Enquirer: 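Take this structure, written in structure tokens, and hold onto it; I'll ask about it next.
Bear in mind the structure is a predicted one, so any value in this text is a computation, not a measurement.
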Amino acid sequence: MSYELQINTEIIPPSHPLEKGGKGGIDYEKALNPQQLEAVCMLTGPALVIAGAGSGKTRTLVYRVARLVEKGIPPQSILLLTFTCRAAREMLQRASLILSDTCQQVRGGTFHSLANQMLRKFSHHIGFSPSFTILDRSDSADAINLLRLSLGLDEKARRFPKKDTIAEIFSKAVNKAITIEQVLEEEFLHFMEHSEALKKLYLLYTEYKNSHQLMDYDDLLVKWKNLLEERPDISDQVSRRFQYIMVDEYQDTNRLQADIVRLMAATHNNVMVVGDDSQSIYSFRGANFKNIMDFPNHFPGTRIITLEENYRSTQQILSLANSLIAKAREKYTKCLFTRRPGGVSARLAPVPDENAQSRFICERILSLRRNGVPLSGIAVLFRAGFHSFNLELELTKAGISFVKYGGLKLMEAAHIKDVLAHLRVVVNPCDLLSWHRILLLINNIGHKTCQRIMDWLRDTGFSLSRLGEYPIGPRIEEGLADLCKVLEAISTPGLKPQERLERLTAYYEPILRRIYYDDYPKRLKDLEQLAVITNNYESLEALLADMVLEPPEAGASDAAMSDRDTERLTLSTIHSAKGLEWHTVFIISLAEGRFPSSYACESDEAIEEERRLMYVAVTRAKETLFLSYPVSTYTPKDGRIMARPSRFINDIPRSMFESREETGTSFATGRDSYTGTEQIPSQPGRDEEDEAGLKTKDGMLQAGAHVHHTIFGTGRVRQVLDGQKVVVHFDGTGLKTLHLGYTTLSVVR
DNA sequence: GTTTACGCATCCCCG
DNA sequence: ATGCGTAAAC
């Protein structure tokens, strides 16, 4: 596995008491701190683990899996829901290392991947075939667009939302369980006038999917939830099947997912969710960090466990992170501390422009490498995938090899979609969306002919074998005959996916040359990469599902990545860097409009999410942190314009940066000071107990009381809200709302 | 009537 | 670099 190099989430100290369980079993007390231990040993009942950045959240989940298995719970009855399939795989692998291989039998994956498996198993109960097709986001937008045109909603006089926007509106409505009108009201007020048309379109889209064996990402969740709700027998069966449920990254789940968790746990309530509200960064997908606060309401008797000790970062980095999040408007459920005093101050690097920024990063990386920091210990993080384009060129020039996450996916390339569309109709012949794509590739077939053929296909019951009988004019005869031949060939039973793909590529290559005559060699390489991936699959269905549910990154073939000799730098969007850590982290393009994104500047909530995103970014660093921002940027439209530094930079006290800013072009003279050997924090034996403070529970505080908070310092209570929340005016940072259920306030006498 | 070629604007984060 | 709409070509 290629990811091992970067992922090394909590590294196990060499001095650590034996990790491999051995005959003596696992020594949980030595491996875990008291709070982690509490979470691991609590085997039944509902639990909410609030786990700050770097607080050993993954470790806790891994040990809990091991503990359950060790206690004799059948691994098949344990379910681990994570944000990516990769995360689940890695956790189960780690559990296997500390206990035994049986941990691999634990069911792990994303909500979507589990929904996929469940729905295929129970497909006949919801009027679907087990070979339904899953639409990714752009498929779904394409389908919506076709239907929009068929409704005649393309009057350009009135500005109608574009297909991607429509897809976004529909998806938000589903994921937040609200109406389309409400979504428009909240976020798309300017499209309010099209509310009726959109509702009509939505119904048509739903109907279209149901009648053609299609499901988009949201349908996977909705149909799963509905199945659980409407079929008590099935929900009972499923709930009994998974006796122990764990959900990671709970702050990034939405209403729909929370409902599913509740239904899945209905018979036993053995559910542990883990998350960090200050790392909630997926609201654009309908996630709501308030979910995490709501959990105890849905599961009475929930045990709340807070992990507040950070094992990852130096005090310098953690303080910087804390100062960022201290400026947030609302909510603090915990305060992080570390036992790794000192460290190197973060460096702030204003650079003249993007080119200079790229050169700066390259120079620093080379310097770090000279000082013994391996490339795999370094990451460059940014807000959006395209922010690294310039840097990628510079890195290539400098001969620094890198792997990029969160950029373009292989699936997003038009030629890959073309090829997969052929495979899709073989599996699901009534997938009209794929037919549409395939047919338009043939010479002399345009929209009209395509529509006629599709109508004909529908009328003849979507029979692959009869496509050849279509009454055609001479102009398209040859093209259609060729298509028939290849479809027939690749649907021959008993072929391996790779053989089918080979045959298909032979058919598609001439088309590729015709359409992309100028750059087809590059695209041919992508097809080769697809062939490598296909090689790992025994069934087309599984291949197609995985391509949509775990889309591989473009350009980074598995073969190249598993090559251990090549030490690689990581480039990643911050979203894709969630949960990972590196010795040194660069955060680039910290300019207003880039980060925070210009999209976010209109709403306070969006800015708050950008802030959390920034928090996630800085807490990825263990030892060293660089923040860089271009003083000017160049856009084709406006030419060279001055950029304002990100407001998040201004939110960090200057004292937190190395005393002299690296300015202008003279940054190359700076020295790097590294210890070379990495200090690995040891896990604690005992927690220092409550200082003079008092653990506050409901109602014990009154307005006017003087309190102390680890991050915010001293302040006075202004107001106690509904016994859960308290408003405090802090001397340093002003008004804050704190949730007493989770945070610890000390009362000062 | 259809297809295709060309010029135009647009581009965040993700399963 | 893709995705749309319009205009020229079949």
Enquirer: Please tell me if A:Ser576 has a side-chain N or O lying less than 4.0 Å from either OP1 or OP2 of B:dC14.
Expert: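 Indeed, a polar side-chain atom of A:Ser576 lies that close.
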Enquirer: Select one nucleotide: of B:dC11, B:dG15, C:dC4, the one nearest the side-chain heavy atoms of A:Lys163.
Expert: C:dC4
Enquirer: Which nucleotide in the list B:dC12, B:dC14, B:dT2 gets nearest to the side chain of A:Arg452?
Expert: B:dT2
Enquirer: Just how far, in rounded Å, is P of C:dC4 from CG of A:Asp164?
Expert: 8 Å
Enquirer: Nearest whole angstrom, please: distance from the P of B:dG15 to the CE of A:Met118.
Expert: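 After rounding, the gap between these two atoms is 21 Å.
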Enquirer: Touch check for A:Phe83, heavy atoms < 4.0 angstrom, all strands: base, sugar-phosphate only, or nothing?
Expert: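 Touches sugar-phosphate only.
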Enquirer: Contacts to DNA chain B from residues 384-392 of chain A, heavy-atom cutoff under 4.0 Å, which residues?
Expert: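 Nucleic-acid contacts, sorted: A:Ala384, A:Gly385, A:Phe386.
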Enquirer: Run the salt bridge (charged side-chain N to carboxylate O under 4.0 Å, His left out) test on A:Glu610 and A:Arg647 for me, step by step, so that the C-alpha distance in whole Å, both residues' side-chain angles and the decisive distance to 0.1 Å come before the verdict.
Expert: CA-CA 11 Å; A:Glu610 298 283 310; A:Arg647 65 192 74 188; over 6 Å; no
Enquirer: For A:Glu550 and for A:Leu440, find the nucleotide of DNA chain B with the closest heavy atom, then tell me which residue's nucleotide is more 5'.
Expert: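 Looking at DNA chain B, the more 5' nearest nucleotide goes with A:Leu440.
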Enquirer: Just by distance, with hydrogens left out, do A:Ser140 and A:Tyr205 show a side-chain donor and acceptor under 3.5 Å apart?
Expert: yes
Enquirer: Output the single nucleotide from B:dC14, C:dG5, B:dC12 whose closest atom is nearest the side chain of A:Arg383.
Expert: B:dC12
Enquirer: Are the side chains of A:Ile178 and A:Glu186 in contact, using a 4.5 Å heavy-atom criterion?
Expert: yes
Enquirer: Send over the distance from A:Met411 CE to B:dC14 P, rounded to a whole Å.
Expert: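 Rounded to whole Å, this separation is 15 Å.
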Enquirer: With sugar-phosphate meaning primed atoms plus P, OP1 and OP2, does A:Ile445 contact a base, only sugar-phosphate, or nothing at under 4.0 Å between heavy atoms?
Expert: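 Sugar-phosphate contact only.
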Enquirer: Strictly below 4.0 Å: does A:Thr573 bring a side-chain N or O up to OP1 or OP2 of B:dC14?
Expert: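 Yes, A:Thr573 has a side-chain N/O under 4.0 Å of OP1/OP2 on B:dC14.
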Enquirer: Of the nucleotides B:dC11, B:dG15, B:dC14, which one has an atom closest to the side chain of A:His112?
Expert: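 Output: B:dG15.
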Enquirer: For the pair made of NE2 in A:His447 and C1' in B:dT2, what is the distance, rounded to whole Å?
Expert: 11 Å
Enquirer: Taking the minimum atom-to-atom distance to the side chain of A:Phe284, which one of B:dC13, B:dG15, B:dT2 wins?
Expert: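 Per side-chain heavy atoms of A:Phe284, the pick is B:dC13.
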Enquirer: Could A:Arg137 and A:Phe284 be counted as a cation-pi pair, given that NZ or CZ must be under 6.0 Å from the ring centre and within 45° of the axis?
Expert: no
Enquirer: With nearest nucleotides of DNA chain B determined for A:Ser113 and A:Thr449 from heavy-atom distances, which residue corresponds to the more 5′ nucleotide?
Expert: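 This one resolves to A:Thr449.
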Enquirer: Compute whether any side-chain donor of one residue and acceptor of the other, for A:Asn116 and A:Arg120, lie under 3.5 angstrom apart.
Expert: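 Yes, side-chain donor-acceptor contact under 3.5 Å.
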Enquirer: Are A:Tyr282 and B:dC14 close enough that a side-chain N or O sits under 4.0 Å from OP1 or OP2?
Expert: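 Looking at the OP1 and OP2 atoms of B:dC14, neither is under 4.0 Å from any side-chain N or O of A:Tyr282.
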Enquirer: Where the side chain of A:Asn145 is defined as all heavy atoms beyond and including C-beta, which of C:dT2, B:dC13, C:dC4 is the nearest nucleotide?
Expert: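 For A:Asn145, the side-chain atoms sit closest to C:dC4.
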Enquirer: Would you please indicate yes or no on a ring centroid separation below 6.0 angstrom for A:His422 and A:Tyr507?
Expert: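 Yes - the distance between ring centres of A:Tyr507 and A:His422 falls below the 6.0 Å cut-off.
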Enquirer: How many whole angstroms separate atom OH of A:Tyr405 from atom P of B:dG15?
Expert: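 In whole Å, B:dG15 P lies 13 Å from A:Tyr405 OH.
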Enquirer: Given atom CG of A:Asp526 and atom C1' of C:dT2, what is their separation to the nearest angstrom?
Expert: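 Taking atom C1' of C:dT2 as the reference, CG of A:Asp526 is at 15 Å.
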Enquirer: Between B:dC13, B:dG15, B:dT4, spot the one nearest the side chain of A:Asn443, thanks.
Expert: B:dT4
Enquirer: Between A:Val274, A:Leu81, A:Val273, which is the residue that forms a side chain to side chain contact (heavy atoms under 4.5 Å, CB included) with A:Tyr250?
Expert: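 By the side chain to side chain contact (heavy atoms under 4.5 Å, CB included) criterion, A:Tyr250 pairs with just one of A:Val274, A:Leu81, A:Val273: A:Val273.
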Enquirer: Among B:dC14, B:dT3, B:dC11, find the nucleotide with the atom closest to the side chain of A:Arg285.
Expert: B:dC14
Enquirer: Tell me: CD of A:Glu249 to P of B:dC14, nearest whole Å?
Expert: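 The distance from CD of A:Glu249 to P of B:dC14 comes to 14 Å, rounded to the nearest Å.
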Enquirer: Side-chain N or O of A:Arg523 less than 4.0 angstrom from OP1 or OP2 on C:dT2?
Expert: yes
Enquirer: Decide, yes or no, whether a salt bridge links A:Asp252 with A:Lys578 under the criterion of side-chain N to carboxylate O below 4.0 Å.
Expert: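 Between A:Lys578 and A:Asp252 there is a salt bridge, with a charged N closer than 4.0 Å to a carboxylate O.
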Enquirer: Any base atoms under 4.0 Å from A:Arg594, or only sugar-phosphate, or nothing? Heavy atoms, all strands.
Expert: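 The residue A:Arg594 makes no contact with any strand.
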Enquirer: Counting only side-chain N and O atoms of A:Asn444, is one of them less than 4.0 Å from OP1 or OP2 of B:dT4?
Expert: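 Result: yes.
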Enquirer: Tell me whether A:Arg612 contacts the main-chain N or O of A:Ser278 through its side chain, where contact means a donor paired with an acceptor under 3.5 Å.
Expert: no
Enquirer: How many whole angstroms separate atom CD1 of A:Ile442 from atom C1' of B:dT3?
Expert: 14 Å
